[in-house]
Chemist: 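Handing you a structure now.
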Amino acid sequence: MSNEKDVKVEDQNSGSAAQPAAETASSEKKLSNKELKELKKREKAAKRSAQKQASGITIEQQQLQAQAKREKKKQQQHREEQKREAKLKKIQNELNPSRKAKKTTLFSHLETTEERRASILAISSAVTSPVASRITASGLMIPMVASVVSGSQVYTTSSFSNSGPTLKNETAPKVQKSSPAVSGQAVTVAGTASVPDHSSTQDIAKSLATMSLESEDFGVVPGISSIVPHTLEESFENSQLVSSVKELLLNKDYIHPAITLLTTNLAHYKIVGSIPRCIAMLEAFQIVIRDYQTPKGTTLSRNLTNYLSHQIDILKKARPLSVTMGNAIRWIKQEISHIDPSISDEVAKQDLCEQIAQFAREKIELADQLIIENASNHIEKSATIVVYGSSKVISDLILHNTLQLQKNIKVIVVDSRPLFEGRSMANMLRRKGVDVMYSLITSLDAVFDMGVDYVFLGAHSILSNGFLYSRVGTAMIAMSAKRRNIPVLVCCESLKFSQRVQLDSVTFNELADPNDLVSIDYDNPLERRGNTGTLLKQFLKERETGRKKQESENKIKGKASVSSSNNRNKVNGASAPSEGGEEKNILDSWHGLKSLNIVNILYDLTPPEYIKKVITEFGALPPSSVPVILREYKGST
Amino acid sequence: MADMFNITETYLKFLEEDSDMTMPIAAIEALVTLLRIRNPGTAAEMINSIKSAAAELVQSIPNSVSLRAGCDIFMRFVMRNFHLYGDWESCKRHLIENGQLFVSRAKRSREKIANIGIDFIADDDLILVHGFSRAVVSLLSKAADKLIRFRCVVTETRPTNQGEQLYSLLATKGIPVTLVVDNAVGSIIDKVNKVLVGAEGVAESGGIINVIGTYSVGVLAQNAKKPFYVVSESHKFVRMFPLSSDDLPMANKLLDFSRDPNDLENILSGPTIDYTSQEYITALITDLGVLTPSAVSEELIKMWYD
Amino acid sequence: MSTSNLKSLANNNNNANTDINVTINAFIARLKRKQIVGSYAIALETLQLLKRFISAARWSHVNELIEQIRTLGCTLERAQPTAFCCGSVIRRVLTVIRDEVEEDMQDGAPVVEGTAANEPLISSMFNLLQKPDEKQQQFYNKNHRKTKTDFRQVAIQGIKDLVDEITNIDDGIQQIAIDLIHDHEILLTPTPESKTVLKFLIRARERAHRKFTVLVSEGFPNNTRNAHEFAKKLAQHDIETIIIPDSAVFAMMSRVGKVIIGTKTVFINGGSIASSSGTSSVCECAREFKTPVFAVAGLYKLSPLYPFNVGKFVEFGGSHEVLPKMDPRFRLDIVNKTTAYVPPENIDIYITNIGGFAPSFIYRIVWDNYKQIDVNLDDKQTNKLTA
C-alpha cells in the first residue's frame with residue numbers, strides 16, 4: 001500500500017518537477033495516445049501544484065509536507081496494525097471515524113450503496129482492467145487468465161472502457177519504472193506479468209480504490225467520490241462480500257458484454273423504473289442467448305439456465321433485482337426447461353428470443369393498453385388528478401385521456417427529493433398540452449385542498465398481502481388521500497405482482513446514496529454526477545479535508561494517547577469554520593460526524609386499506625385479490 | 001288568581017306568541033310570570049314555588065331538554081343571588097321588572113352568534129344543514145346579507161319535517177338551497193364543505209341534544225373528515241350528561257315492540273331527539289365565542305361550583 | 001404658561017410622534033419583507049417598538065391609550081397577517097393594561113352595592129339574566145375621571161415582564177418536555193427551524209443523559225438548510241441523528257416513538273401553524289400510526305384567533321424554490337407551501353413554559369392571558385358598544 005501511495009504522492013506534489021521527467025521518459029518511445037493523455041494529466045497536476053504555490057506554499061514546503069505526511073501515515077499505519085491485532089475495533093473507529101462504512105441503526109441489515117459500489121467497482125475493474133485483474137488474480141489466488149485483455153477491448157462501447165485508460169494512467173509511472181518498454185495497452189499483458197504481486201485482499205482493495213479515485217475520469221461508477229478508499233477496504237473485511245466477489249470474479253469470463261453494459265446502466269441509475277429495467281434486461285438476454293454456444297458434453301436446456309444465472313449474479317450487484325425482473329427471470333428459466341432437447345440449438349435459441357419478445361409485448365405493452373383503457377373509464381371530464389413521481393403507464397394514461405379522448409383534465413404532479421423524477425414527466429405532459437401543476441410532497445395538504453378527484457399511482461410491485469411496494473413517498477400520498485376520502489387507484493401490470501409478503505418499509509428496502517441528500521439544490525443527483533468537473537473538485541476537497549483531519553488527529557494522538565469522542569468533536573468543530581468559506585453544503589463533512597447519518601431509501605409500503613382499486617390488465621380489483629391473481633395466472637407468468 | 005296560574009300553559013303561550021322565542025327563554029319567561037303573579041313574600045317561598053313550577057313544567061312537556069336548560073339557569077341564578085348576597089328581594093324585583101330584557105337579550109345573542117360565526121362561512125361553500133334552528137338561520141341569513149356566495153343542502157329531517165320549513169325560509173332569502181332525504185346524507189357528505197346544526201340542549205360533555213338524525217349526520221361527517229359545527233345560544237347549555245340517546249328524557253321508546261301493528265299512523269312514532277357526543281363536534285358557535293366542547297363543560301362547571 | 005411655550009410643547013410632541021412613526025414604518029417594512037425571521041425575534045422586536053410607542057404616546061384617559069395600542073396592533077396585523085405573535089404580544093400588553101384598569105376601578109370607584117363588581121368567578125351564561133351592566137358603563141362614562149395609576153408605568157412594566165418571559169421560555173419548556181422522552185427512544189422532528197426543539201433535545205442529552213435517536217425530515221425546499229444545520233448541531237452534541245427525505249416519513253413512522261414539532265402560532269382551537277411545510281403531513285402520518293405528537297410552544301405563541309379559514313393563515317412561497325429553471329414557453333403551475341396548519345386532532349399535547357396542555361384546553365390558557373374584547377383589534381364596534 002505504502003509503495004503505491006508514495007508514488008502517487010510524489011507524483012502530485014512534485015508535479016512541475018515530474019513533468020520534464022515524464023517528457024524524457026516518453027521521448028524514449030513513440031508517443032502513443034495513452035501517453036498523450038498521461039501528459040495531460042501531469043500538466044493538470046502541475047497546474048494544481050502551481051496553484052498551491054501561488055497560495056503561498058513553495059515546492060520545498062510541499063515536499064516537506066509530503067515527507068511529514070508520509071511519515072505520519074506510516075506511523076498511523078503501524079499503530080493501526082497493532083490495534084487491529086489487539087482487536088480494539090472501537091478505539092480504531094474513534095481514531096478514524098470515516099473508516100467505517102456508515103450504517104444506520106435501523107437499516108444496518110440492508111446493503112448500503114457504498115458496499116454495493118465497492119463490490120461492483122471491484123468486479124468491473126477486475127473484468128475490464130488488465131492490471132487490476134492481475135492484482136486480483138494474485139490476491140485471490142485465481143490462476144491468471146490472459147484473455148482478459150481481449151475482453152477489455154471488446155467492451156470499448158460500454159462505459160467500463162473508461163476504466164481501462166484510467167487505470168493505465170495511474171499505474172503507468174510504476175510500470176515505467178519496472179519495465180519502461182511497456183506503455184501501450186495492446187502489450188499490457190506482458191507488462192502486467194512483471195508487476196510485483198500484492199499480498200492481501202486489503203491491498204487489492206486499496207489499490208483498486210486509489211486507482212479509480214485518483215483518475216480524473218469518473219465514469220467508472222456513479223458517485224465514486226463517496227467511496228473513500230477506506231470504505232472499500234472496510235467492505236473487503238466483510239468475508240461474505242469477499243467470497244461473493246471472489247465467486248463473481250471466478251465466473252467473470254462467462255459474463256456477456258451486453259450484461260456488463262446493462263449492469264453499468266443500472267448501477268448508474270441510467271435505466272430506472274421497474275418496467276424499463278425489465279425490458280432492458282429482456283433485451284440483453286436476447287443478445288446473450290443469441291450469442292450463446294452450448295459447451296460440449298451438455299445440452300442447451302441444462303446449461304443455458306446456469307449460464308444465465310451467472311449473468312443475473314452480476315446484474316444483482318448493480319441493484320437488487322426488481323420484482324418484474326425476478327418474475328421475468330423465473331419465466332425464462334421455466335421456458336428454457338421446457339425446451340425440447342431434440343431440436344437444434346439454433347432453432348431453440350431463435351424460439352426463445354421470439355418468446356421473450358412476445359413476453360415483453362404481452363406482459364407490458366398490451367397490458368399497459370388494457371390498463372389505460374380500463375382506467376380511462378374512471379376519469380371524468382374536467383377531473384383533477386394527482387400523480388406521484390413519474391410512471392410510464394400513468395403518463396400514457398393522461399396523454400390518452402387528454403389527446404385522444406379530449407378530456408379536459410388537470411394533473412397535479414407531486415414530486416420528491418432527491419430524484420425529482422416527476423419533473424421530467426410534468427415537463428413532458430406540459431409540452432404535450434396537458435394542464436399540469438407541479439408540487440413537492442411537503443405541500444401535500446395544499447394539493448389535496450384543490451378539489452382532487454383521484455389519485456393515480458404507479459407501482460414497483462404489489463405484494464401478495466396486498467401491500468403496494470413503490471417509490472418512497474407513495475404511502476404518504478395514499479394515506480393523505482384516504483384521510484380526505486379521495487379514491488386512490490393503482491395502475492399495475494400483473495407482472496409486478498409478487499409472492500413476497502412484507503409488513504413495513506424498514507425490513508426490506510433499497511438504500512440509495514446518502515450523499516444525494518447532502519447538497520441542497522434542485523438538480524437530479526444523477527445529472528449532477530455526470531458532470532465530472534464538479535465531482536473532481538468535490539473529490540479533491542474531500543481528500544484534502546480527509547488529510548487535514550488525519551493530521552489533526554495525529555496531533556491529538558501525539559498529545560494524549562486516548563482521544564475521547566469529545567475531543568474529536570472539538571476538532572471537528574474547530575475545523576468546520578475554517579472550511580466554512582469553501583464548503584458549499586452544510587453536510588459536506590457528514591462522514592466525519594459519528595452520530596450523524598443520512599438515510600435515503602428508495603421504496604416504501606402502502607397498506608392495502610389506503611388503496612381503493614388496483615387496475616391491471618385483468619381488470620380492476622381490490623388489493624386483497626392480488627394473491628388470487630397470482631394463483632390463477634401463475635402458469636402464464 | 002294565583003292558583004289559576006298554570007305554568008305549562010303560560011309556557012306554551014309564550015312559545016306560540018313569539019315564534020322567535022326559544023324554549024329555554026319561554027321557560028324563563030314563564031317562571032318570571034310566575035314570580036310576578038305569585039309575588040312570594042319570603043325567599044323560601046320564592047325558591048319553593050320556582051322549584052315546583054319548574055318540576056311541573058318539565059313533567060308536562062314531553063320534550064323537556066331545552067326548557068330544562070332555561071329552568072336550570074333561572075334556578076341557579078336565584079339560588080346564587082340568595083346564597084351569596086342574601087338580597088333575594090332586589091333579585092326578585094330585578095327579575096320581575098326585566099322579563100322583557102331577557103327576551104331581547106336572548107334574541108340579541110343570536111345576532112351575536114351570527115357575528116361570531118360569519119367567519120365560518122366562506123365563498124363557494126356547500127353547507128349541509130340538518131334540522132331547523134333559529135340560530136343557524138340567523139347565521140346563514142347574516143352570511144347571505146354579507147354577500148357571501150354559498151349554497152346549502154337541507155335534509156328533510158323526518159319525522160318533524162323541519163327541513164321543508166328551513167328550505168322555504170332559505171329559498172326566500174335567495175340562498176341557493178336544495179332539499180335531500182335524510183338517507184341521502186351519506187352519499188352527499190363528500191361533496192359538502194361543512195355541516196351546521198342547531199341544538200336543543202348542549203350537554204355537559206359538550207355533546208348536543210338535537211332533532212333526531214343529528215347523530216347519524218355527525219358520524220358521517222366525522223367519517224368523511226368534514227367539520228361539524230353546532231350553532232347554539234349559551235342558555236341552552238344544560239346540566240345533563242347523557243351517555244347515549246337512551247339517557248334522554250323521551251316520550252316514546254326508541255325500540256318499542258309493543259306497538260299496535262294495526263295502528264298504521266303511529267307505527268313510526270319514536271323519539272324525535274337524539275344525542276351526539278362531543279367527539280363528533282368540531283366546534284360550538286355560541287354567543288360566548290367559538291367554543292370547543294370542553295369549554296362548554298367549563299362554563300357549566302363555573303355555573304354550578306362556586 | 002405663554003403661548004410660545006405651548007407651541008414648543010406641541011412641536012416636541014409632534015417630533016416625538018414623527019419619530020415613533022418613522023420607527024413603526026420601518027418595522028412594518030421589515031415585517032412585510034420578512035426580514036425579521038422567527039416568532040421569537042418578531043415578538044421581541046414588537047415589544048421594543050411598543051415600549052417606544054407607549055413612551056411617546058400622549059393620552060388623557062387610559063381608554064385612549066388602549067385605543068392607540070389597538071390601532072398600532074391593527075396596523076401591524078394588516079402589514080403581515082401571518083406574523084401572529086406580533087398581534088399576540090400586543091394583546092398581552094393590552095390585557096395587562098385592562099387588568100390594571102379594572103383593579104384601579106375597583107379601588108377608586110365607590111362600590112355599587114350588590115353589583116357584580118365583587119362577585120367571584122362567574123359563568124358568562126348568567127349574562128342573560130344579569131342586571132343591566134352599570135359598572136362598565138359607569139367607568140367608561142366617567143371618561144375624564146383622573147386615575148391614580150400611572151398606566152405608562154404599568155404598560156412598560158408589563159412589556160418588561162413579557163420580554164423576561166419570552167427570553168426565559170426554553171427553561172420552562174425543557175423541564176416538562178424532558179420527562180416525556182425515554183432512553184433509546186426514536187424521535188422525529190419535521191420542524192428543524194425551531195430553536196426551542198433544538199435546545200430541548202440538546203438539553204435532554206446533556207443534562208438528563210438520555211440516549212436517543214432523532215430523525216430529521218428535510219422540509220424541502222424551504223427548510224432543508226435549517227434541517228441540515230439542525231442535524232449537524234445535534235450530531236455535534238453526540239445525539240444520534242438521521243436525516244431523512246420528506247418522502248420517507250411514512251416509511252419510518254412505524255419506528256418512531258414520538259414526534260416533536262415546533263410551532264409558530266397556536267390557535268384557540270388547539271390547532272397550530274408550523275413554519276415547515278411538511279409538518280401537517282408528518283402529523284397526519286403520526287396520527288395514522290397512533291404515534292404521539294407533542295408540540296412545544298412558548299406562551300407568547302398562543303393566539304386568541306380562531307383559524308376559520310386556514311387558507312388565509314398558511315403562507316406560500318415562490319415557484320423558483322421548487323423549479324428554478326423553467327422553460328418559459330411551458331411554464332408549470334407550482335405549489336410551494338412554506339407553513340403548514342396542523343389541526344388539533346393531530347396533536348396530542350402542547351408543552352408551554354407554564355405546563356403541558358391538551359389541545360382541547362388551549363382555549364382556557366388563551367383566555368387567561370387575553371381579553372375577549374381584544375380579539376379583533378380592528379373591530380371598533382366593541383369599544384363603541386361598551387363606551
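Letters A, B, ... mirror the listed sequences (proteins, then strands); counts begin at 1. Because the structure is a prediction, the values reported are computed rather than measured.
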Chemist: Pick one of side chain, backbone, both or neither for Thr442(A), based on which atoms fall under 4.5 Å of a heavy atom in chain C.
Modeler: both

Chemist: Please classify the contact of Leu234(C) with chain A as side chain, backbone, both or neither, using a heavy-atom distance under 4.5 Å.
Modeler: neither

Chemist: Below 4.5 Å from any heavy atom of chain C, which atoms of Arg483(A) appear? Answer side chain, backbone, both or neither.
Modeler: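 Looking at Arg483(A), just its side chain touches chain C.
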
Chemist: Looking at Lys337(C) and Glu315(C), is there a salt bridge between them, counting it only when a charged N and a carboxylate O are closer than 4.0 Å?
Modeler: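 No, Glu315(C) and Lys337(C) are not salt-bridged.
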
Chemist: Does the side chain of Asp333(C) pick up a donor-acceptor pair with the side chain of Tyr438(A) at under 3.5 Å?
Modeler: no

Chemist: In terms of heavy-atom pairs under 4.5 Å with chain C, which of Val413(A), Asp504(A), Ile601(A), Asn600(A) leads?
Modeler: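 Of Val413(A), Asp504(A), Ile601(A), Asn600(A), Asp504(A) has the most heavy-atom pairs under 4.5 Å with chain C.
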
Chemist: Quick one: does Ile398(A)'s side chain get under 4.5 Å of Ile409(A)'s, heavy atoms only?
Modeler: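 Yes, close enough: below the 4.5 Å cut-off.
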
Chemist: Do Phe200(C) and Asp170(C) have side-chain heavy atoms sitting under 4.5 Å apart?
Modeler: no

Chemist: Would you mind checking which part of Leu605(A) comes under 4.5 Å of any heavy atom in chain C, side chain (CB onward), backbone (N, CA, C, O), both or neither?
Modeler: backbone

Chemist: What residue in Thr474(A), Val447(A), Val506(A) has the most heavy-atom pairs under 4.5 Å with chain C?
Modeler: Val506(A)

Chemist: Under a 4.5 Å heavy-atom cutoff, which of Leu444(A), Leu517(A), Leu602(A) has the most pairs with chain C?
Modeler: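 Between Leu444(A), Leu517(A), Leu602(A), the count favours Leu517(A).
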
Chemist: Contact part of Phe448(A) toward chain C, heavy-atom cut-off under 4.5 Å: side chain, backbone, both or neither?
Modeler: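 No part of it gets close to chain C.
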
Chemist: Between chain C and each of Arg484(A), Lys482(A), Arg471(A), count heavy-atom pairs under 4.5 Å; write down the option with the most.
Modeler: Arg484(A)

Chemist: Taking C-beta and beyond as the side chain, do Asp604(A) and Phe467(A) meet within less than 4.5 Å on heavy atoms?
Modeler: no

Chemist: Look at atom CZ of Arg431(A) and say whether more than 12 heavy atoms of other residues, nucleotides or ligands are closer to it than 6.0 Å.
Modeler: yes

Chemist: Just give me the residue among Val249(C), Ile239(C), Ile244(C), Asn336(C) that pairs up with chain A most often, heavy atom to heavy atom, under 4.5 Å.
Modeler: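 Between Val249(C), Ile239(C), Ile244(C), Asn336(C), the count favours Ile239(C).
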
Chemist: Could you tell me whether the side chains of Glu288(C) and Tyr610(A) share a donor-acceptor contact shorter than 3.5 Å?
Modeler: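 The answer is yes; a qualifying pair exists.
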
Chemist: Taking every non-hydrogen pair under 4.5 Å, which of Ser505(A), Ala426(A), Ala475(A) racks up the most with chain C?
Modeler: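 Of Ser505(A), Ala426(A), Ala475(A), Ala475(A) has the most heavy-atom pairs under 4.5 Å with chain C.
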
Chemist: Is it true that the side chains of Tyr341(C) and Thr279(C) contain a donor and an acceptor less than 3.5 Å apart?
Modeler: no

Chemist: Heavy-atom distance under 4.5 Å to chain C: side chain of Val518(A), backbone, both or neither?
Modeler: backbone

Chemist: Of the backbone (N, CA, C, O) and the side chain (C-beta and beyond), which part of Ser281(C) lies under 4.5 Å from a heavy atom of chain A, both, or neither?
Modeler: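 Both backbone and side chain of Ser281(C) come within 4.5 Å of chain A.
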
Chemist: Any side-chain donor paired with an acceptor under 3.5 Å for Asn222(C) and Thr338(C)?
Modeler: no

